[in-house]
Undergrad: 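First, the structure itself, so that you have it in front of you.
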Amino acid sequence: MKKVLTATACAALLATASVGTAAAEDGVFVGHLEDITGATGFVGKLYGPGVADALKYINEHGGIDGTPLDVESVDYAYEVPRAISQYKQWTSRNHMVAMQGWGTGDTEALISFVAKDKIPVWSASYSGHLTDPTGKNPKTQKPAPYNFFYGPSYSDGCRALAQWADEDWKAMGKEGAPKFIHAGDNHPYPNAPKEACAEYAAELGFEVLPPVVVSLKPGDFKAQCLTIKESGANYVYVANLGPSVVSLVKSCKTVGTDVKFMANIWGGDRNTLAAMGDDGEGYVFVAANAFWTDDVPGMKLVKEIAGSDEYRTHHYIRGVCSAYYMKEAMEWAKANGGITGENIRNGMYAKKDWVPNGLEGVCTPSTWTAEDHRGMLTASIYQGHVKGEEISIEKIAETTLPRRDDWLGY
Amino acid sequence: MATLSMRPCGDFRTTYRQDTKIFDTRNSRGAMVIFLAALYALVILPQVVPALADAPIIGWFADGYFLSLGIQFCYYGIAALGLNILVGFTGQISLGHAAFFGVGAFSSAWLNTTFGIPVLLCIPLAGGMAAVVGLIFGAPAARIKGLYLAIATLAAQFIIEDLFIRMEWFTGGSSGSLADTVTLFGFAFDNDQRYFLLTLSFAIIMYVLAANLMRSRDGRAFVAVRDHYLSAEVMGINLTKYRVMSFGIAAFYAGIGGALYGHYLMFVSAEAFTILLSIQFLGMIIIGGLGSVMGAMLGTIFMVMLPEFMAGGVSILQNTEWGNQPFIINGLAFFREMAIGAAIILFLIFEPDGLAHRWKLIKAYWKLYPFSH
């Protein structure tokens with residue numbers, strides 16, 4: 001019996017010790033949600049460290065003009081409820097001023113929370129639903145005044161791909177209307193661009209086929225591939241990412257579908273291509289920033305942040321860009337009335353076509369305004385080539401879409 | 001309180017009145033009342049006098065983190081109690097409790113946003129809706145039991161989970177639905193202190209109801225069905241009625257817990273109600289003590305605190321030189337799952353009667369101190 005009591009007492013002591021880590025008084029708190037172990041962990045493992053390393057580097061080099069950042073990175077395993085309870089804990093206990101977020105499900109669920117609490121969020125979700133801060137477009141479900149992201153929205157990325165596919169179709173000299181199909185899970189992330197992109201593809205003259213549901217968890221997708229094959233699709237928009245995409249492409253090769261796979265920004269990178277092997281030849285995907293091997297002035301800073309010369313994917317670099325846009329907005333806020341959520345948001349509107357200091361050539365110049373949170377409408381389109389062990393990624397197009405009002409928030 | 005375990009030697013009851021007592025002694029009842037009253041007072045105090053929120057011990061009762069744990073104890077505790085009525089008292093098995101929990105959460109949000117029914121009323125209504133679903137999926141219990149019933153409830157778990165994604169009008173589909181916070185006559189329970197008091201009140205009501213149920217005719221019928229269904233039938237107990245009814249009551253409790261969960265998070269998403277949560281509910285009642293009302297709460301507290309301890313332990317390890325390894329830090333999520341499994345196994349081996357039994361032993365130890373055997 002005594003043993004039990006001692007054990008209980010020890011446990012209680014441990015509890016008080018572990019939860020007694022209060023936030024530093026002088027810094028500002030930034031929450032960082034990442035997914036390492038969840039359904040999107042494949043790219044979460046690449047992007048999360050980009051943000052974390054950048055924030056660490058910022059702290060080691062003077063913070064926000066002398067104000068240190070108090071950062072907590074939490075792996076929420078891509079589960080929306082966990083993200084929300086973590087968010088609530090950060091706001092009530094840590095007085096969070098800004099957040100680096102992750103998935104579409106949680107970011108969209110948090111829209112009204114962050115708007116109420118005035119906490120700007122830089123998500124790694126590029127859902128078009130996050131781009132209308134005032135609800136100007138009647139199609140917008142919810143105005144999202146405190147949501148930002150660096151990159152083209154999923155919808156715009158997919159539109160750019162549709163445009164590329166249209167040109168590609170014509171360049172190949174084929175007749176008739178090409179067929180376009182959306183392949184992704186029934187999940188907020190793959191669903192985000194579904195309608196918007198299908199609408200634009202139809203506008204371009206594609207025949208848009210009913211979407212195919214492909215699970216985010218990898219599996220045997222031969223059944224889906226047979227559906228794609230029988231439907232006669234020419235261009236498949238891959239809305240998932242990582243292992244799921246790899247199994248989709250491999251399954252489709254097995255059943256012999258003759259299609260071009262075009263992936264959203266998360267669906268393509270060196271690691272994904274390596275996993276696909278030879279089946280990944282010709283795989284097309286969107287990117288929003290320079291690659292590790294590009295010779296641009298800002299890459300020096302990225303390499304310093306990474307702390308090694310080991311190859312990092314474009315996701316990592318996008319994480320760095322996202323953290324640095326936040327940093328500069330915070331610096332503006334500090335100079336203009338203090339680091340509060342509202343001031344940080346206004347800091348994002350302060351400049352036009354801007355790139356954070358030191359990242360020239362890495363991040364694509366972006367503009368956010370109080371009425372339009374589409375930072376950029378330019379999507380770079382890359383194609384992977386795989387020959388045995390050798391992987392090369394080639395830029396094949398850069399598409400800039402018009403800033404159409406009816407595309408805002410959608 | 002009624003428990004699964006046998007009464008110890010020398011513990012005689014000479015009247016029915018004594019036999020149906022919820023608290024064994026007047027002191028233990030008094031202690032519980034004082035404890036709950038103190039809990040209310042300590043949480044209300046920093047609300048009324050904000051200066052006290054930073055005071056040493058009272059400050060804990062204003063701390064968002066501790067309160068959020070308290071809120072979890074309450075809503076999971078209510079749902080776990082429901083499962084304990086089904087598993088611990090009636091001897092049925094359910095692997096679909098999380099689905100009923102989810103039905104409660106979605107129903108309450110749906111009733112509130114679609115019909116504008118006040119949230120406080122939506123919560124019991126959601127319990128009712130969950131109970132109806134529970135009765136439907138509990139119907140197989142009329143015919144099958146044991147492992148077969150476990151599989152039937154497992155099917156319920158997956159069917160309902162799938163419907164959560166597909167029934168967009170009801171659940172908002174894969175993007176989930178928003179749930180309003182609770183308001184009563186213009187008073188919003190919108191921060192952790194207030195919401196804790198609300199969930200605590202719900203928990204007290206539900207626990208008192210369950211304790212009372214167990215000393216009623218129906219409650220004794222449940223225990224009879226569990227202990228020996230043939231004898232129970234011979235005595236004139238309608239097995240079908242009580243088995244299905246037990247499912248309904250369990251789902252009702254799950255629905256109330258789920259509704260409180262939904263309005264606390266203010267957002268409901270299908271991802272939360274997986275088979276893992278069902279297993280966790282089972283873990284709660286096994287660890288707490290099957291067939292014990294108080295055990296459901298003790299088990300819930302254990303299960304909610306376990307991951308927090310794991311996170312605390314990992315963060316301590318992280319600060320040591322040898323412990324700061326990526327596999328430890330990144331492995332936290334896996335450690336959690338493993339710890340839950342390990343806890344269930346260890347409890348089954350070393351403490352099959354659960355924490356409720358251990359609590360009794362602790363009480364007996366102090367009562368007889370220093371002459372305990």
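So you know, we letter chains A, B, ... as the sequences are listed, proteins then strands, and number each from 1.
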Undergrad: Check whether more than 12 heavy atoms from other residues, nucleotides or ligands sit under 6.0 Å from atom CD of B:Gln47, and answer yes or no.
TA: yes
Undergrad: What part of B:Asp192 is in contact with chain A, defined as an atom under 4.5 angstrom from a non-hydrogen atom: side chain, backbone, both or neither?
TA: side chain
Undergrad: Which bit of B:Leu178 comes within less than 4.5 Å of chain A, counting heavy atoms only: side chain, backbone, both or neither?
TA: side chain
Undergrad: Please identify each residue that fulfils salt bridge (Lys or Arg N to Asp or Glu O under 4.0 Å) with A:Lys118, with sequence neighbours left out.
TA: A:Glu342
Undergrad: Name the option with the most non-hydrogen atom pairs under 4.5 Å to chain B; the candidates are A:Ser92, A:Pro81, A:Gly105.
TA: A:Pro81
Undergrad: Give a yes or no on whether the backbone of B:Tyr264 and the side-chain of A:Lys88 come within a donor-acceptor separation of less than 3.5 Å.
TA: yes
Undergrad: Please classify the contact of A:Gln89 with chain B as side chain, backbone, both or neither, using a heavy-atom distance under 4.5 Å.
TA: side chain
Undergrad: Count the heavy atoms belonging to other residues, nucleotides or ligands that lie under 6.0 Å from NZ of A:Lys56, then report whether that count exceeds 12.
TA: no
Undergrad: List the residues meeting salt bridge (Lys or Arg N to Asp or Glu O under 4.0 Å) with A:Lys139, not counting sequence neighbours, and say none if there are none.
TA: A:Glu199
Undergrad: Which residues in residues 268-281 of chain B have any heavy atom lying under 4.5 Å from a heavy atom of chain A?
TA: B:Ser269, B:Glu271, B:Ala272
Undergrad: For A:Phe113, which atoms come within 4.5 Å of any heavy atom of chain B: side chain, backbone, both, or neither?
TA: side chain
Undergrad: With a 4.5 angstrom heavy-atom cut-off, could you sort out which part of A:Asn186 is near chain B: side chain, backbone, both or neither?
TA: both
Undergrad: Only counting residues at least two apart or in another chain, list the ones meeting ring pair (Phe, Tyr, Trp, His ring centres under 6.0 Å) with A:Phe221.
TA: none
Undergrad: Let me know if A:Ser112 has heavy atoms under 4.5 Å from chain B in its side chain, its backbone, both or neither.
TA: side chain
